[in-house]
Amino acid sequence: MALIVKQPQPARSNRKQPDPVTVISQQFCVPYEVDLTCTRSKLRVTEITDVDGTLIFNLLIKIMSYRNERTLLGANGNPIVTIMQKALSLHNIHYIYRGGSKNKCDLLFILRKNPSSTNKVMALDVFLGSVINDKSVPDFRIRGSLSQPSIIYAGNSNTILAQTHIEEDKFVATVCSNIDYAFAIILFLILDDLNRSAELRALGKSLGDGIVDLAGAVGGN
């Protein structure tokens, strides 16, 4: 059955646009720039709407999933992609499959944490297909943090395909014309999730260090 897609309304921009990119489906490529608002619920993005507030995507999060399984759904509830995180991976590797599948033949692309990542700025490399190694050149890159815009680049170039700006409990993703906006949203969602997890770990460490220091001070008196 053909996938029915609710197309977002155009963004208000006249900037120069990059070459077309299709990863998920041509149905998610439109000849104009779009703004998609990603709203968080309990710290994680669960709803994506266009400039008119029309629902475009939902993110279904599987509770207590060992591999942090998530499914991006269209406005009609059909699965667009399934996101699976590699268990116990130092590189925060994610596998993105077509629709609701988890079969290797439906693997669309892989994300891997770049060694340049810091506690403040997360960097991820994107590889199309199912094979990556240490010498692989990424097809796309995404960089950003919770306090700074996140940006998707084409390969190792400085060509920007999409970027975000922050608005309190949400962020707005601006995707260039003829760029697969479902693909862009998936990258932004994964980056946001990793950045929030890193922030929570840093907060936990800070609280733990504070308790240790307090216990030491009390014990010394």
Side-chain angles (χ1 to χ4, degrees), residues 3 5-8 18 20-30 34-41 44-50 55-62 65 67-86 89 91-102 106-114 122-130 132 138-144 146 149-155 160-164 170-176 178-197:
L3 183 65
V5 176
K6 173 65 177 178
Q7 298 292 8
V21 170
T22 303
V23 176
I24 309 301
S25 172
Q26 184 65 39
Q27 295 182 73
F28 301 115
C29 299
V30 291
V34 297
D35 284 342
L36 296 172
T37 300
C38 303
T39 304
R40 297 187 181 94
S41 174
R44 303 184 77 168
V45 173
T46 56
E47 186 176 273
I48 298 94
T49 56
D50 71 0
L55 181 68
I56 303 299
F57 299 120
N58 269 316
L59 186 66
L60 178 64
I61 302 169
K62 187 174 182 178
S65 170
R67 297 186 62 188
N68 195 17
E69 181 179 341
R70 289 152 286 171
T71 304
L72 187 71
L73 305 175
N76 59 2
N78 287 338
I80 308 298
V81 298
T82 298
I83 305 166
M84 304 287 287
Q85 186 170 3
K86 184 176 181 180
S89 170
H91 301 290
N92 286 316
I93 294 176
H94 289 73
Y95 300 96
I96 291 75
Y97 300 87
R98 188 179 303 280
S101 174
K102 301 173 190 175
D106 292 315
L107 182 61
L108 293 169
F109 59 93
I110 301 171
L111 273 80
R112 183 177 65 182
K113 183 178 178 181
N114 187 282
M122 184 70 69
L124 301 175
D125 294 335
V126 183
F127 302 89
L128 300 180
S130 60
I132 59 174
D139 296 288
F140 305 94
R141 296 176 296 126
I142 179 169
R143 306 287 186 272
L146 293 177
S150 299
I151 302 175
I152 300 173
Y153 299 94
I160 295 176
L161 305 181
Q163 56 188 319
T164 67
K170 59 188 177 184
F171 63 85
V172 178
T174 299
V175 185
C176 292
N178 295 309
I179 302 299
D180 189 327
Y181 61 82
F183 170 64
I185 284 298
I186 292 161
L187 300 189
F188 287 132
L189 292 178
I190 293 174
L191 184 71
D192 183 73
D193 193 45
L194 289 175
N195 276 323
R196 292 204 163 270
S197 296

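Just so you know, these numbers come straight off a predicted model, no measurement behind them.
Atom OG of residue Ser25 and atom OH of residue Tyr181 lie 9.0 Å apart, to the nearest 0.5 angstrom. Separation of atoms CG (Leu107) and OG1 (Thr82) is listed at 11.5 Å; rounding is to 0.5 Å. The distance from the CD1 atom of Ile179 to the CD1 atom of Ile160 is 12.0 Å, given to the nearest 0.5 Å. Atoms CG and CE, on Asn114 and Met122 in that order, are 11.0 Å from each other to the nearest 0.5 Å. With rounding to the nearest 0.5 angstrom, the CD atom of Gln26 is 7.5 Å from the CG atom of Asn178. The structure places CG of Leu187 at 5.0 Å from CD1 of Ile142, a figure rounded to the nearest 0.5 Å.
Between the Glu47 side chain and the Thr37 main chain, no donor and acceptor come within less than 3.5 Å of each other. Under the 3.5 Å distance criterion, the side-chain polar atoms of Asp106 are left unmatched by any main-chain donor or acceptor of Ser101. Asp180 places a side-chain N or O within donor-acceptor distance of the main-chain N or O of Ile24, the cut-off being under 3.5 Å.
Looking at Tyr153 and Leu161, their side chains never come closer than 4.5 Å, going by heavy atoms from C-beta outward. With contacts defined as side-chain heavy-atom distances shorter than 4.5 Å, the pair Val23/Phe28 does not qualify. Side-chain contact between Ile48 and Cys38 is present, with at least one heavy-atom pair separated by less than 4.5 Å. Side-chain contact between His94 and Leu124: absent, with no pair of heavy atoms (C-beta onward) separated by less than 4.5 Å.
When every heavy atom of Ile80 is checked against every heavy atom of Gly74, the shortest pair comes out as CG1-N, 3.6 Å. Here the closest heavy-atom approach between residue Leu72 and residue Phe57 is recorded as CD1-CB, 3.7 Å. Between Phe171 and Arg40 the shortest heavy-atom distance is CD2-NH2, 3.6 Å. The nearest pair of heavy atoms linking Val34 to Val30 is CG1-CG2, 3.8 Å. Of all heavy-atom pairs between Met84 and Tyr97, the closest is CG-CE1, 3.9 Å.
Remark: the Thr174 side chain and the Asp35 side chain contain an N/O donor-acceptor pair separated by less than 3.5 Å.
For Lys102, the side chain to side chain donor-acceptor pair (under 3.5 Å) partners are Glu69, not counting sequence neighbours. Every residue two or more places apart in sequence or in another chain that forms a side-chain contact (heavy atoms from CB on, under 4.5 Å) with Leu73 is listed here: Asn58, Leu60, Thr71, Pro79. Residues satisfying the salt bridge (Lys or Arg N to Asp or Glu O under 4.0 Å) criterion with Arg143, sequence neighbours excluded, are Asp125. In this structure Ala173 satisfies the side-chain contact (heavy atoms from CB on, under 4.5 Å) test together with Thr164, Ile185, Phe188, sequence neighbours excluded. Residues meeting the ring-ring contact (aromatic ring centres under 6.0 Å, His included) test with Phe109, sequence neighbours left out: Phe183. With sequence neighbours excluded, the residues forming a side-chain contact (heavy atoms from CB on, under 4.5 Å) with Asp50 are Pro8, Gln9, Leu36, Asp52, Thr54, Ile56, listed by chain and number.
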Quiz item: Between Lys86 and Ile110, is a side chain to side chain contact (heavy atoms under 4.5 Å, CB included) present by the stated rule, with each step listed?
Solution: CA-CA 10 Å; Lys86 184 176 181 180; Ile110 301 171; over 6 Å; no

Self-check item: Intermediate values then yes/no, side chain to side chain contact (heavy atoms under 4.5 Å, CB included), Asp193 and Arg70
Solution: CA-CA 11 Å; Asp193 193 45; Arg70 289 152 286 171; 3.3 Å; yes

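No option in Val126, Ile83, Asn195 other than Ile83 meets the side chain to side chain contact (heavy atoms under 4.5 Å, CB included) test with Ile190.
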